[in-house]
There are 2 protein chains.
Amino acid sequence: MVLCDVPRPRNANATRQAILEAARARFCAESYDDVGMRDVARDVGVDAALISRYFGSKEDLFVAVLDSCKNGRDLMDGDRADFGARLAREIVYGEAAACTPDDGSGRMRGLLILLRSIGSSKAMDVVQHTSNTRFFEPLTQWIGGADAPVRARLAAGLIMGMAISRELSDGFSNLDEAQKAALAGRMADALQGLVDG
Amino acid sequence: MVLCDVPRPRNANATRQAILEAARARFCAESYDDVGMRDVARDVGVDAALISRYFGSKEDLFVAVLDSCKNGRDLMDGDRADFGARLAREIVYGEAAACTPDDGSGRMRGLLILLRSIGSSKAMDVVQHTSNTRFFEPLTQWIGGADAPVRARLAAGLIMGMAISRELSDGFSNLDEAQKAALAGRMADALQGLVDG
DNA sequence: TGGCCTTGTCATCAGGCGTTGACAAGCGGC
DNA sequence: GCCGCTTGTCAACGCCTGATGACAAGGCCA
């Protein structure tokens, strides 16, 4: 996970950015409590004290990481008629789970980070607030129409639940390819039904 | 949360049971990482060292708590035609969230404890194993028929996701009563559809 | 070349954790 | 009454965490 082993040139902006990306990868793979400042610092090849200086506290770093992720609205980018199929594919086939330390292009990355740290009391406030403003509310707006809040809650629940189910079952490893396809199909239909009303 | 403040009579079985119940309440309300041995000990009115002696390690205590909960199969008790409505009501109206330190009669308690500690690396092995043997597999068996694994995954995902959605939204506090009823109704239909095939 | 601000390191702190082994107190049997 | 086992307490250990302030070194400017 070490991103750079030659002496880092003295460049505050680049270093700050490297810390942010390393932290994003860590928070994507581990819960808030399991991510240590020293871990992130080691990934970048820097002393942990520097993170404190650049970002303040660990919670501030967490917020900065969430802000650096693409907005939850991006989940709704693309053809509306494909929403269900798109999301189902990303979750069932794990395209959402890939979490390389790149520019944060994964559309679901922010949501995955939030899901990872659910249950951590220290991150609870941030997680709760961010999931509402970045995920629930945009989804509700985008769905629109009568019962939008209700349908959005259900869609969000299904998305989050299947993401967790994926974690708990090691990527649906107990399902063969045909079953995975069936799972993605059923999930897509359910989601699309909620979007279309 | 202190269950007893008069000097506890010297009774190993009763003390062990009291520790188990206090731990169950704690693990139901907080994640594995957030529950401290000293917290549980204080609830019972006992020294933390005693827990180590009676249960071994913290992980052993966690396993003992999960074993003490009603089996996940109990979720499927009752009229099969009511499964969706029953589960939806318990989640939307929070009957599942009540977690008093009683005999562990809540049917969803075991599942709630597992959900609380998702994301904790220390508890991951236990959570993964228990959720499969106590929740996924019984549900798959109970659903039965063609595509049972697929439908069970979807049902489980919806149940878990809505339980988490409930947490993140403070008990669906942004929904009025009519919307909650609509949510429960839609969720019930979706679940029942998965059960019936 | 010398001064100085920036960038990064190091040692350290206070606090929390789970766990351990030595000790105190209750209590039944001889 | 005293022994010995059980039940519970206490102090401490080693480890890890996030955070802090003093210090070293790079690099620009005069």
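Below, chains carry the letters A, B, ... as their sequence lines are ordered, and counting in each starts from 1. Everything numeric here is computed off the predicted structure, so don't read it as measured data. Basis for what follows: all heavy atoms, side chains included, without hydrogens, waters or symmetry-related copies.
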Who are the salt bridge (Lys or Arg N to Asp or Glu O under 4.0 Å) partners of [X], not counting sequence neighbours?
X        : answer
A:Asp67  : A:Arg134
A:Asp82  : none
B:Arg151 : none

Original post:
For B:Phe55 and D:dT7, what is the distance between atoms CZ and P respectively, to the nearest whole Å?
Top reply: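 Rounded to whole Å, this separation is 14 Å.
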**OP:** Give the rounded distance in Å between these two atoms: CD1 of B:Ile51 and C1' of C:dT20.
**Re:**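 Rounded to whole Å, this separation is 15 Å.
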Subject >> A:Asn13, CG atom: more than 12 neighbouring heavy atoms under 6.0 Å >> reply: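 Atom CG in A:Asn13 is not crowded, with 12 or fewer foreign heavy atoms closer than 6.0 Å.
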Any protein N or O atoms within reach of nucleotides 6-11 of chain C? Criterion: under 3.5 Å, listing atom names and distances.
unit_1	atom_1	unit_2	atom_2	d
C:dT6	O2	A:Arg10	NH2	2.3
C:dT7	O4'	A:Arg10	NH2	3.0
C:dT7	O2	A:Arg10	NH1	3.0
C:dG8	OP1	A:Thr15	OG1	2.9
C:dG8	OP2	A:Tyr54	OH	2.7
C:dG8	N7	A:Arg53	NH2	2.2
C:dG8	O6	A:Arg53	NH2	3.0
C:dT9	OP2	A:Asp47	N	2.7

Subject >> Verdict with reasoning, B:Asp43 to B:Arg26, per salt bridge (charged side-chain N to carboxylate O under 4.0 Å, His left out) >> reply: CA-CA 9 Å; B:Asp43 291 344; B:Arg26 282 277 177 184; 2.7 Å; yes
Original post:
Does B:Asp34 reach the main-chain N or O of A:Ser121 with its side chain, forming a donor-acceptor pair under 3.5 Å?
Top reply: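 Flag set: sc B:Asp34 to bb A:Ser121 pair under 3.5 Å.
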**OP:** State whether the side chain of A:Gln192 and the backbone N or O of A:Arg80 hold a donor-acceptor pair below 3.5 Å, judged by distance alone.
**Re:**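 Yes; judged by distance alone, with no hydrogens or angles, the pair exists.
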Subject >> Of all pairs that satisfy ring-ring contact (aromatic ring centres under 6.0 Å, His included), the ones with a partner from residues 132-190 of chain B, not counting sequence neighbours >> reply: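 Listed once each, the pairs are B:Phe83-B:Trp142.
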Restricting both atoms to N or O, compile the protein contacts to nucleotides 15-17 of chain C shorter than 3.5 Å, with distance only.
none

